[in-house]
2 protein chains.
Amino acid sequence: MPLGPSFPELASLDLFVSVVELGSVSRAAAAHGVAQPSASSRIRHLERQLGMILLERSPSGSIPTDAGVVVAGWAEAILRSAHELKAGLQAFQAEQSGRLRIAASFTIAEYLLPQWLGRFARAHPGDSIALEVANSTSVIERLHDGGADLGFIETTSPLTDLDEHLVGTDELIAVVAPAHPWANRRTVPVETLAATPLVTREAGSGTREALEAALAALDLGPPTAILELGSTSAVRSAVLDGNSPTVISRLAVAAELDAGSLIEIEVKDLAISRSLRAVWPRRNPLPPLAVQLLDSLTI
Amino acid sequence: MPLGPSFPELASLDLFVSVVELGSVSRAAAAHGVAQPSASSRIRHLERQLGMILLERSPSGSIPTDAGVVVAGWAEAILRSAHELKAGLQAFQAEQSGRLRIAASFTIAEYLLPQWLGRFARAHPGDSIALEVANSTSVIERLHDGGADLGFIETTSPLTDLDEHLVGTDELIAVVAPAHPWANRRTVPVETLAATPLVTREAGSGTREALEAALAALDLGPPTAILELGSTSAVRSAVLDGNSPTVISRLAVAAELDAGSLIEIEVKDLAISRSLRAVWPRRNPLPPLAVQLLDSLTI
DNA sequence: TAAGGTCATAGCCTAAACCTATGGCCAATG
DNA sequence: CATTGGCCATAGGTTTAGGCTATGACCTTA
């Protein structure tokens with residue numbers, strides 16, 4: 001669902017948070033490289049959008065009202081995510097030039113790395129990090145041919161010639177919308193799942209292949225697809241307001257499970273889990289920046 | 001630090017995520033209530049800002065490129081926070097009209113409630129929640145005079161006539177920037193802390209009073225203030241690039257501790273911790289919506 | 001009392017964003 | 001094979017939002 005037409009812009013929230021931090025509109029304006037009247041006007045516009053007074057102006061500066069303090073706290077959460085995106089983008093664009101070159105698989109790059117890189121970038125300003133997103137086999141290839149210093153992959157198979165470090169786990173789980181009949185049962189036999197039309201990713205995707213392999217191991221055929229979509233997001237939102245289940249990475253729906261907008265269904269005898277590992281060439285010494293990144297992940 | 005001049009707007013990211021979810025620019029445009037060419041142009045603008053192709057266009061719709069999938073995942077994190085702010089704002093503005101009226105103290109409203117309300121609002125669309133922010137004694141007053149159904153406070157004192165439920169803990173801790181001499185020691189005696197000029201909140205603030213009370217209990221005088229600031233944010237950023245310690249709520253600096261941009265200093269013999277409690281009038285039955293909210297906090 | 005900081009207002013101007021109308025393209029359908 | 005109906009892109013015109021400079025009113029501090 002869209003955010004609505006009169007939602008404040010990131011730039012305005014950013015400016016407002018700066019005002020709160022720096023204690024005056026003028027200083028915040030300077031920090032953002034705009035003229036003071038512009039900043040003043042933006043803040044007033046923001047106040048009208050939100051329908052509340054955020055700052056108490058005085059000739060000696062501006063301090064936030066009670067409402068302002070609260071809104072600033074909320075805005076900071078948004079800005080934190082924005083900085084994470086920025087860090088991720090910079091890593092993306094650095095590509096070949098970085099001091100630390102990371103290759104990561106899809107799921108990790110999408111749901112975990114932004115947070116990790118965001119933290120890391122704030123703690124190591126000035127260090128540049130390059131990020132390449134690929135599938136697991138390509139990640140390993142990049143490590144061997146020297147195109148990357150550190151890799152992140154999800155895999156079940158043993159690794160040769162690579163040192164590794166466990167950084168998390170992922171799991172494929174069945175989920176339905178709260179209105180679905182399964183939502184009250186919370187558990188179904190695997191045969192029922194296999195016989196139910198699912199929303200799925202397209203044939204050939206890692207998620208779908210893992211599911212089909214797990215079913216085949218139980219002598220069950222592949223599930224029929226009632227809807228076949230090209231991205232995890234599309235699958236998720238189709239399940240959110242549709243009435244079909246899907247089997248999807250837990251990481252991709254963690255927020256929805258938390259919020260209760262999707263319900264996890266336990267499937268008896270079906271457990272598809274993958275370790276998330278940091279990997280690097282056994283012989284090459286790990287660059288110092290990589291060591292620090294790994295340290296920051298294990299604290 | 002500001003986000004930079006050419007950071008994508010929230011509206012553009014929102015639109016792009018919709019395109020990924022809905023599978024076509026046209027549908028996303030309709031969902032956002034703008035004309036298709038406008039949406040198309042916004043997306044192209046976004047692509048030029050980020051310096052990468054996000055969508056693969058075709059006469060049958062648009063699907064994200066690899067980079068697009070990753071960026072969409074990152075953008076979703078920002079939008080999640082934005083929706084939390086929106087939920088908080090709506091609760092703020094509902095004020096008297098809501099079906100569930102919450103009164104919360106500062107720290108909780110700023111650092112915990114947005115997340116809680118964000119989840120809750122997504123799981124209970126249509127229910128309106130009113131939020132009032134005040135200090136702990138006012139919160140209790142609001143419960144007694146019927147102005148609020150449910151309160152959230154941090155307190156150490158026992159409560160009369162109120163039922164309560166523990167929802168977390170807060171703690172005042174000493175922190176310094178990584179460049180500060182204490183950063184390597186990680187621990188100092190309480191006498192040293194008491195003798196060191198600190199960045200503090202203004203006199204009368206809850207944080208400062210709690211610190212002074214804890215020091216007084218050890219027969220130590222109040223700390224001298226090298227800098228006295230009117231908001232938690234201001235204190236935090238002063239410590240971030242200054243060279244003085246502060247004593248501050250752990251919740252307020254959790255992200256910075258994670259990132260390593262602030263270092264926690266253990267102070268021997270000094271432990272100032274407060275329980276965070278949900279409270280409500282003992283006699284009045286808790287409204288059903290309040291029960292559901294409390295349930296969602298304890299899962 | 002003068003100086004230096006605060007924020008607000010006024011007036012102008014530019015640039016960005018929107019809309020409607022149109023055209024090219026492909027896929028599904030008769 | 002042609003037609004229809006979805007998709008996206010382009011063009012041109014209009015509006016609006018946001019920026020800047022210049023100025024004024026106000027308070028604090030030296």
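Chain identifiers are assigned alphabetically (A, B, ...) following the order of the sequence lines, protein sequences preceding nucleic acid strands; residue numbering begins at 1 within each chain.
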Can you measure [X] atom [atom1] to [N] atom [atom2] for me and round it to whole angstrom units?
{"X": "A/Arg57", "N": "C/dT9", "atom1": "CZ", "atom2": "C1'", "result": "14 Å"}
{"X": "A/Glu56", "N": "C/dC7", "atom1": "CD", "atom2": "P", "result": "13 Å"}
{"X": "A/Leu55", "N": "C/dA8", "atom1": "CG", "atom2": "C1'", "result": "14 Å"}
{"X": "A/Glu47", "N": "C/dC7", "atom1": "CD", "atom2": "P", "result": "12 Å"}
{"X": "B/Ile43", "N": "D/dC7", "atom1": "CD1", "atom2": "P", "result": "15 Å"}
{"X": "B/Arg44", "N": "D/dC8", "atom1": "CZ", "atom2": "P", "result": "12 Å"}
{"X": "B/Ile63", "N": "C/dC26", "atom1": "CD1", "atom2": "P", "result": "16 Å"}

Task: Base-contact (B) and sugar-phosphate-only (S) positions in nucleotides 15-30 of chain D, heavy-atom cut-off under 4.0 Å, - elsewhere - done: ---SSBBB----S---

Task: Reported CZ-to-OG distance for the pair A/Arg42 and A/Ser12, which is rounded to 0.5 angstrom - done: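 If we round to the nearest 0.5 Å, A/Arg42:CZ and A/Ser12:OG are 4.0 Å apart.
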
Task: Atom pair CD (A/Glu56) and CG (A/Asp66), whose distance is rounded to the nearest 0.5 Å - done: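 That separation rounds to 9.0 Å.
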
Any carboxylate oxygen within less than 4.0 angstrom of a Lys/Arg side-chain nitrogen, looking at [X] and [Y]?
{"X": "B/Glu76", "Y": "A/Arg236", "result": "yes"}
{"X": "B/Glu47", "Y": "B/Arg57", "result": "yes"}
{"X": "A/Arg80", "Y": "A/Glu84", "result": "no"}

Open item on the list: Quick check: do A/Pro8 and A/His45 have side-chain heavy atoms less than 4.5 Å from each other?
Closed with: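 With C-beta onward as the side chain, the pair stays apart.
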
Task: Candidates C/dA8, D/dC7, D/dC8 - which lies nearest the side chain of B/Val25 - done: D/dC8

Open item on the list: With a 4.0 Å limit, can you tell me whether A/Ser26 has a side-chain N or O closer than that to the phosphate oxygens OP1/OP2 of C/dG5?
Closed with: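 Indeed not, no polar side-chain atom of A/Ser26 lies that close.
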
Open item on the list: Does D/dC8 have OP1 or OP2 under 4.0 Å away from a side-chain N or O of B/Ser58?
Closed with: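 Answer no for this pair, as no side-chain N or O of B/Ser58 is under 4.0 Å from OP1 or OP2.
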
